[in-house]
Structure formats: structure tokens, C-alpha cells
Q: 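After the C-alpha cells below, expect a handful of questions from me.
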Amino acid sequence: MNIFGKQGEALGQTAKQFVSVLGSTGSIGQSTLEVLSLHPERFHLFAVSANTRADLLLSQCEQWQPEYAVLRSKEKAEWFEQSLREKGLQTQLLVGSEGLDFIAGHESVDIVMAAIVGAAGLQSTLSAVDAGKKVLLANKESLVMAGALFMHAVEQSAAVLLPIDSEHNAIFQCLPSNDSQLGAEQNLLRSGIRKILLTGSGGPFRTLPLNQFASVTPEQACTHPNWSMGKKISVDSATMMNKGLELIEACWLFNCSPSDIEIVVHPQSVIHSMVEYNDGSVLAQMGQPDMRTPIAHALAWPARVESGVDSLNWSQMSGLTFESPDEHRFPALRLAREAAEAGGNAPIVLNAANEVAVEAFLQTLIPFTAIIEVVQHTLEKIPFEEPMTLDAIQAIDFQTRDVANACCQTFQQLSSS
Ligand code: NAD
Ligand code: MG
């Protein structure tokens with residue numbers, strides 16, 4: 001508990017919660033700051049961080065005057081430091097991954113929003129867990145690649161883990177109210193749960209003729225029909241790898257197996273996921289497709305606070321529809337389910353190969369259809385093993401990136417010959 005908090009308690013006031021946002025310049029990071037801005041009496045922004053977007057990070061420092069700002073990349077550090085001083089800001093600049101660990105585990109911090117994209121978010125999120133913070137998990141990739149180690153760290157620490165991914169946040173909200181601990185504490189059978197219904201919109205290409213998939217551009221893939229998100233997760237939504245990663249994420253958060261989870265395509269994204277109980281009751285969480293809702297829910301949990309999100313307009317809603325996912329159209333779903341069932345290094349390979357392939361697609365080096373082919377080839381090339389330590393997990397992640405990069409190059413050569 002921070003000093004401000006202690007003083008607040010002594011005075012009988014509600015203690016202000018100090019918040020570090022890992023990835024504050026991203027889509028989730030910016031939405032988090034929007035929610036925080038509605039509650040200055042409740043939250044204090046303690047630290048912000050960015051990879052390369054130093055200009056946006058600087059304007060966040062001007063607006064919020066946090067104690068710390070972290071730049072992951074050293075490139076613009078000098079310019080940033082000088083700009084802070086010129087503007088008379090007291091914010092301290094930290095550089096590199098040590099800076100991220102520092103703001104994630106700092107003793108003054110109560111809440112850490114883990115909103116870095118990809119495997120790059122694992123280490124700092126784990127630092128927040130180890131330091132016993134209230135951890136708001138947007139960075140699903142860290143659970144996909146290190147689920148067992150991550151959930152074990154949560155059990156061993158005083159950390160409170162809350163899901164930000166809208167589906168997992170919805171499922172959490174539909175669980176019995178006394179089931180507030182995730183991971184090993186969860187027992188679907190004991191809670192009378194028959195299955196989890198993980199919904200997904202189906203992305204921008206749910207109905208696109210299959211013969212047009214090969215010519216899909218990054219711009220088309222990043223234009224999601226319902227959600228506004230960062231580029232990587234937008235492409236993942238277009239291949240439906242996002243739903244595959246979310247299947248694995250759900251298995252860890254709710255301590256269940258892939259067979260306990262049914263993926264349901266729901267193009268309107270009004271229902272954000274559901275829980276079906278043994279008596280046939282199905283509880284759904286609904287709302288606008290706006291990440292400020294799960295962010296506000298987790299920030300204030302177990303209280304409820306304003307998020308800035310409008311009410312659903314029931315008179316204008318034209319109908320909610322549901323269908324089964326098409327694994328032929330979206331082979332990522334099958335690959336992810338198989339990786340979840342195989343366990344061991346398979347989810348690490350799936351995740352890292354996907355990150356490499358998505359980046360290659362965004363740089364127009366490989367076609368859209370090659371993304372999943374790269375993932376599949378890489379999964380076939382790397383033999384099964386069971387990594388037990390963070391070092392072993394990271395070694396597999398690096399090895400996978402080499403194999404996946406080589407695979408992308410083969411695609412490039414093929415397409416240019
Ligand atoms: P984004 O690309 O908009 O932002 C990513 C953030 O991470 C930025 O602040 C960037 O500076 C930082 N970052 C990137 N690489 C980094 C590195 N190597 N080291 C340190 N920082 C780095 O991404 P996003 O859409 O906000 O998604 C963030 C995470 O939240 C992802 O894991 C995504 O799957 C998850 N998520 C996002 C949404 C959404 O609506 N955007 C919904 C659910 C889950
Ligand atoms: Mg989601």
C-alpha cells in the first residue's frame with residue numbers, strides 16, 4: 001500500500017489506487033487512460049510506457065504528470081529526456097525492459113494494466129504478479145506462452161488477476177459471485193457449470209469468398225467490423241487466431257480444458273461471452289463493443305464505476321444471430337485447439353510463429369493466407385518438449401521466431417519467382 005493510501009485510510013478517506021499502465025500508448029492503454037480520467041478521486045496514474053511512440057508518451061506525461069515514463073526502445077530516450085526538462089515535467093524517464101519491471105513491481109503501485117502486445121509483455125506482467133499487484137491482463141499472449149508458470153506465480157503471490165479481454169471479462173462476470181479467484185481455485189463442476197460459450201464476431205472475412213483471401217491487404221484485415229484495436233490483434237481477428245489464443249487463455253484462467261469451451265460466432269458483438277449452468281440456464285454479459293467496459297470493471301472490481309460507454313440501444317438492435325465457426329475457412333481455430341490439447345511447447349510455438357507471420361503480413365512480405373501456413377509449418381518443424389522455466393519458454397520463443405522467419409522468406413522467394 002502506498003503512503004498516500006495509508007494517509008487516506010488514517011483520515012477515513014477512500015485510498016487512491018496508484019496505477020501503472022504497461023503499453024499506455026496502445027489501443028488498450030489509451031482506453032485505460034480515458035477511464036482513469038473519469039475518476040481522478042479514485043485513481044492516480046503512477047507510470048506510463050511505450051515501445052517507440054515517444055511523442056504520444058510525452059503528451060501523456062504532460063497531461064498526467066506521472067512519476068515514471070518508460071521507453072522500451074533507447075532510440076528516442078535522449079530527445080524524450082530533454083523534452084521532459086524543457087516542459088518542466090518532474091516525470092522520471094526509465095529505459096528498457098528493466099524500466100518496465102520497475103514500474104510493474106514498484107511498492108507504491110496497486111494496479112498494473114498489462115497492455116503490451118505479444119510475447120514482449122510476458123516479463124513485466126510476471127513482475128507485477130510476483131509483486132502481488134492487482135493485475136489487469138490484456139496481454140493474452142503471456143498466458144498462451146507461459147500459462148502454467150504464470151498461473152503458478154499468481155497462486156504463489158498475493159496478486160489478484162482480472163481479465164481484460166472482453167470475452168474473459170464477460171465470463172468472469174457470469175461466474176458465481178463467490179468465484180472471484182481465477183486459475184486453480186476455479187472448478188467448473190463444483191460451480192455447476194456445464195460449459196463456457198466463448199463468442200467471437202467472426203472478424204471482417206466471415207463471409208468473404210474464399211478465393212479472395214489470398215489478395216486481402218493489411219488495411220482490409222485491420223478494419224474490424226465492430227472493434228477498434230491495435231494492428232496485431234486486428235489481424236488475429238481476421239484469421240480468427242485471436243479466438244484460438246482466447247481459447248487457450250480461457251483454459252488457464254478458468255482451469256478447464258478445450259472441450260469445456262464452445263466457440264460461438266456472434267457477428268453483432270453485443271454478447272461478449274456466456275456461461276451455461278447444469279440446469280440449462282445461460283448467463284450472458286452484454287454491452288457495446290467498447291473495451292472501456294471491461295477496463296472499468298476490472299479497475300474498480302468488485303465495485304462498479306462509470307466507463308464512459310453508452311447504453312445499448314434496444315430499439316435499434318436489429319437481431320442477435322449465432323453460428324458455428326467454420327474451421328475450413330479459419331484453420332487457425334483447429335491449430336490453436338490442437339496446441340491447447342497438446343500443451344508443452346505447442347502454444348509457445350503457435351504464438352511466436354503467429355507473431356512473426358502477422359508482422360510479415362503487415363509489412364506486405366507474405367500474403368494473408370500464408371500467415372496460418374507459416375504457423376502450421378513451424379508447428380510441424382519444432383519437436384515437442386515441456387519447458388519448465390521462464391528461460392526455457394523464452395528459448396523456445398526465440399527458436400520459433402528463427403524457424404518462422406525462415407518460413408516467411410521461403411514464401412517471399414516463392415512469390416517473387
Ligand atoms: P497496440 O498495438 O495498440 O499497443 C501495444 C502497446 O504495447 C503499445 O503501447 C506499444 O508501445 C507497446 N509495445 C509494443 N511492443 C513492445 C515491446 N517490445 N516492449 C514494450 N512495449 C511494447 O495493442 P492493443 O490492441 O492495445 O493490444 C494490447 C494487448 O491487449 C494485446 O495483447 C491484445 O491481444 C490485448 N487485447 C486488446 C484488445 C483491444 O481491443 N485492443 C482487446 C482484447 C485484448
Ligand atoms: Mg477478445
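Keep in mind that the numbers below use all heavy atoms, side chains included, and drop hydrogens, waters and symmetry copies. We count ligands from 1, going down the list as the structure has it; atoms in each ligand are counted the same way. Not measured: the values here are computed from a predicted model.
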Q: Using the ring of each side chain (for Trp, its six-membered ring), is Phe213 parallel, tilted or perpendicular to Phe330, with breaks at 30° and 60°?
A: tilted
Q: How long is the span from the NE2 atom in His297 to the CE atom in Met291, to the nearest 0.5 Å?
A: 12.5 Å
Q: Name the closest protein heavy atom to atom 11 (O) of ligand 1, giving the residue it belongs to and the distance to 0.1 Å.
A: Asn51 N, 2.8 Å
Q: Starting from atom 32 (O) of ligand 1, what is the nearest protein heavy atom, named by residue and atom, and what distance separates them?
A: Glu141 OE1, 2.7 Å
Q: Between Glu81 (side chain only) and Leu93 (backbone N and O only), is there a donor and an acceptor less than 3.5 Å apart?
A: no
Q: Backbone N or O of Pro289 within a donor-acceptor pair of the Thr293 side chain at under 3.5 Å?
A: no
Q: Is there a donor-acceptor contact under 3.5 Å from the side chain of Ser20 to the main chain of Phe46?
A: no
Q: Look only at the side chain of Lys87 and the backbone of Cys61, and say whether a donor-acceptor pair between them is shorter than 3.5 Å.
A: no
Q: Taking the side chain from Lys381 and the backbone from Ala404, do they hold a donor-acceptor pair closer than 3.5 Å?
A: no
Q: Hey, does Lys140 sit under 4.0 Å from ligand 1 if you only count heavy atoms?
A: yes
Q: Ring-plane angle category for Phe254 and His168, please: parallel below 30°, perpendicular beyond 60°, tilted otherwise.
A: parallel
Q: What atoms of ligand 1 come within less than 4.0 Å of a heavy atom belonging to Ile28?
A: 26 (O), 30 (O), 37 (C), 38 (C), 39 (C), 40 (O), 41 (N), 42 (C)
Q: Side chain, backbone, both or neither: which applies to Lys232 and ligand 1 if a contact is any heavy-atom pair less than 4.0 Å apart?
A: neither
Q: Which protein N, O or S atoms does the Mg ion (ligand 2) have within a distance shorter than 2.8 Å?
A: Asp165 OD1, Glu167 OE1, Glu246 OE2
Q: Distance-only, no hydrogens or angles: does the Ser157 side chain make a donor-acceptor pair with backbone N or O of Val129 under 3.5 Å?
A: yes
Q: Would you mind checking which non-hydrogen protein atom is closest to atom 43 (C) of ligand 1, with the distance to 0.1 Å?
A: Asp165 OD1, 3.1 Å
Q: Just to confirm my output: which protein heavy-atom neighbour is closest to atom 3 (O) of ligand 1, and how far is it?
A: Ser27 N, 2.9 Å
Q: Quick one: look up the protein heavy atom nearest atom 9 (O) of ligand 1 and list residue, atom name and how far away it is.
A: Thr25 OG1, 2.8 Å
Q: Is the contact between Met229 and ligand 1 made by the side chain, the backbone, both, or neither, using heavy atoms and a 4.0 Å cut-off?
A: both
Q: Among all protein heavy atoms, pick the one closest to atom 19 (N) of ligand 1 and tell me residue, atom and distance.
A: Arg72 CG, 3.2 Å
Q: Suppose we measure from atom 36 (N) of ligand 1 to each protein heavy atom; which comes out shortest, and what is that distance?
A: Ile233 CD1, 3.6 Å
Q: If you measure from each non-hydrogen atom of Met291 to ligand 1, which part falls under 4.0 Å: side chain, backbone, both or neither?
A: side chain
Q: Can you sort out which atoms of ligand 1 are near Ala120, meaning under 4.0 Å from one of its heavy atoms?
A: 17 (C), 18 (N)
Q: How are the rings of Phe18 and His44 set to each other: parallel, tilted or perpendicular (split at 30° and 60°)?
A: tilted
Q: Distance under 4.0 Å to a non-hydrogen atom of Ala50: what atoms of ligand 1 satisfy this?
A: 11 (O)
Q: Between Thr25 and Thr52, is there a side-chain heavy-atom distance shorter than 4.5 Å?
A: no
Q: Write out the residue and atom name of the closest protein heavy atom to atom 6 (C) of ligand 1, then the distance separating them to 0.1 Å.
A: Ala115 O, 3.6 Å
Q: Listed by chain and number, what are the salt bridge (charged side-chain N to carboxylate O under 4.0 Å, His left out) partners of Glu78, not counting sequence neighbours?
A: none
